[in-house]
Amino acid sequence: MEAPPTSDALDRLAARGVDLDRLAAAYDSMDEAQVARSYRALEKPASGESYTPPEPDGDYFDIDGLIEEKHRRKMADLRSFMESEVEPIINDYWLRDSTPVDVLREGFRKLDLLTPVYGKDLTSREPNGSVMEGLLTMELARVDVSTATFFGVHSGLAMQSLLVCGSEEQKQEWLPKMRNWDVIGAFGLTEPNVGSAIAGGVTTTARREGDEWVLNGQKKWIGNSTFADLVVIWARDEEDNQVKGFIVRAPENPGYSVEKIRGKVALRAVENGLITLTDCRVPESDRLQNANSFRDVATVLRLTRAGVAWQAVGCAMGAYERSQRYATTRMQFGKPIASFQLIQDKLVHMLGNVTALQSMCLRLSQLQDQGRMTDAQASLAKVYTAARCRDVVALARDLHGGNGILLENHVARYFCDTEAIYSYEGTNEVNSLIVGREVTGISAFV
Ligand SMILES: Cc1cc2nc3c(=O)[nH]c(=O)nc-3n(C[C@H](O)[C@H](O)[C@H](O)COP(=O)(O)OP(=O)(O)OC[C@H]3O[C@@H](n4cnc5c(N)ncnc54)[C@H](O)[C@@H]3O)c2cc1C
């Protein structure tokens, strides 16, 4: 038998204007099952007032529970910083094609975000550094993908280039300042006419003249390059035809100039630049001493590709959480739209994707920490997370109805930013071909 309604439930019904005496009289003529059905129907959130929506939680399988307490605290602090300092300003920066560099630099420095990734001595990564970097990236992208990209270009592409390809002196000179965000890094590989084909196609040249190198060429799409202190430039040595890496001290080098790329419809709060190198002179001591061919660039890219996969996870997670909140509070037909089966199905589809992507990336980063991650594994994660993220942000946009195209509701920003995730650090096609080559033993690139 159904339990009789509690006095709380009766109070709630009375507060909603239900005449309890008339209700009791009507119930006299009903059997128990009918009475129970009637109460359940009345208790439904017909206009939402007796319904307390659950807090959205995009960490459904408790990934957070797998990390050490001190790291969990760091993640919580980062979440609080992103929600209180970045979320309120980011749409404005996004509209203005601009990065809130000072806010991010100060915030990340105070949070000491990079010590759990690179450790104190900066000679190699911390034992769980990749997992930690991945989770931090997820947390950043959960609020804003541009911010995660600012972080990834600096901490992933630029710092990894130094870590993998720099001499001990170079590491000691730059990495402590970069860990502390005193020096901001960028990574210049792509060129105006060479994107996917960059492995064999770098046209920027490096000519040795005594103790100096002279760089000439252009680099396109370079994130952070409009304000970076240090830009790693990859150029082809005219003598041996191999790709080498150079630390360009950007603001002070007269051979370096950069023009901000305008008119992007994705990642607008990342400042991407078109760099022109005109007889840009770099001392031999600023050539990355352990970069001898494109293979070394590929090593750096493999390590950072996982970071882009984590961006997709965070972006999907943020889009899901905002959708859950919207669905449980937006009223239509006298009910929260979350009451409709089709809306619940969309939320479940999103959450399933988010949870699967988190699990995939977590395992990928564990393999990375063990030194076992292959190019194809990183590429598979990038391909899969970007594609699923596209599904999730499209559903989020759709679930918000017309409000979904308003920047103030944030999902439009996720929707647009996902397009960049899809194309950078190797397009989905190119990453797919990397996986295809490994699983079939046949290269389909050319
Ligand atoms: C927002 C943003 C930020 C970026 N930041 C940086 C940065 O900081 N540093 C940096 O060096 N670069 C950066 N890039 C460049 C990025 O890595 C390139 O855009 C990417 O590698 C793709 O090159 P592309 O845009 O020239 O496309 P293209 O190579 O011209 O490709 C065009 C299309 O052809 C497809 N295609 C190409 N080759 C094949 C093939 N063999 N088989 C099937 N399809 C193929 C591609 O998948 C794509 O769909 C950034 C790009 C963007 C959009």
Side-chain angles (χ1 to χ4, degrees), residues 94 97-99 141 144-161 184-204 217-228 230-236 243 245-246 248 250 258 260-277 291 294 296-298 300-305 307-309 311-312 315 378-379 382-383 386-387 390 413-414 416-437 442-446:
W94 200 86
D97 280 335
S98 181
T99 307
D144 176 48
V145 185
S146 293
T147 302
T149 305
F150 166 82
F151 174 84
V153 168
H154 171 82
S155 131
L157 289 167
M159 286 182 80
Q160 280 288 358
S161 297
I184 303 279
F187 176 95
L189 176 63
T190 307
E191 301 184 355
N193 297 317
V194 199
S196 303
I198 197 73
V202 172
T203 64
T204 298
Q218 281 194 312
K219 295 288 174 184
K220 189 173 175 187
W221 290 117
I222 312 309
N224 298 355
S225 58
T226 50
F227 49 76
L230 172 162
V231 183
V232 175
I233 293 285
W234 300 96
R236 187 172 298 285
V243 172
F246 300 88
V248 176
V258 59
K260 194 196 277 193
I261 297 175
R262 301 270 180 193
K264 287 186 296 166
V265 297
L267 288 188
R268 290 172 57 91
V270 175
E271 296 190 22
N272 292 99
L274 174 65
I275 295 173
T276 302
L277 303 156
F294 193 84
D296 299 307
V297 189
V300 176
L301 291 177
R302 180 180 70 236
L303 297 172
T304 55
R305 209 157 263 161
V308 178
Q311 287 179 9
C315 180
S379 290
K382 204 280 183 175
V383 168
R390 239 186 186 183
R413 182 162 45 77
Y414 296 134
C416 295
D417 289 349
T418 300
E419 291 307 301
I421 295 179
Y422 204 76
S423 289
Y424 68 8
E425 292 255 1
T427 63
N428 257 32
E429 289 76 9
V430 164
N431 277 297
S432 219
L433 293 177
I434 291 172
V435 185
R437 182 177 57 193
I442 303 167
S443 173
F445 273 107
V446 281

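Counting starts at 1 for both ligands and their atoms, in listed order.
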Flag the pair Asp97 and Arg262 as a salt bridge only when some basic side-chain nitrogen lies within less than 4.0 angstrom of an acidic carboxylate oxygen.
yes

Between Glu191 and Lys219, does any side-chain N to carboxylate O distance fall below 4.0 Å?
yes

The criterion is side chain to side chain contact (heavy atoms under 4.5 Å, CB included); which residues satisfy it with Asn428, sequence neighbours excluded?
Lys382, Val383, Ala386, Ala387, Tyr422

Pairing residues for Glu425 by the salt bridge (charged side-chain N to carboxylate O under 4.0 Å, His left out) criterion, not counting sequence neighbours:
none

Residues that Arg302 engages under salt bridge (charged side-chain N to carboxylate O under 4.0 Å, His left out), provided they are two or more places apart
Asp375

For ligand 1, run through the N/O pairs with the protein that fall under 3.5 Å and put one pair on each line.
from	atom 1	to	atom 2	distance (Å)
ligand 1	5 (N)	Trp221	O	2.9
ligand 1	8 (O)	Gly223	N	3.0
ligand 1	9 (N)	Phe187	O	2.9
ligand 1	11 (O)	Leu189	N	3.0
ligand 1	11 (O)	Thr190	N	2.9
ligand 1	11 (O)	Thr190	OG1	3.2
ligand 1	12 (N)	Thr190	OG1	2.7
ligand 1	29 (O)	Ser196	N	2.8
ligand 1	29 (O)	Ser196	OG	2.5
ligand 1	41 (N)	Phe445	O	3.3
ligand 1	47 (O)	Thr427	OG1	2.6
ligand 1	47 (O)	Glu429	OE1	2.7

Quiz question: by atom type and distance under 3.5 Å, do the side chains of Asp144 and Trp94 form a donor-acceptor pair?
no

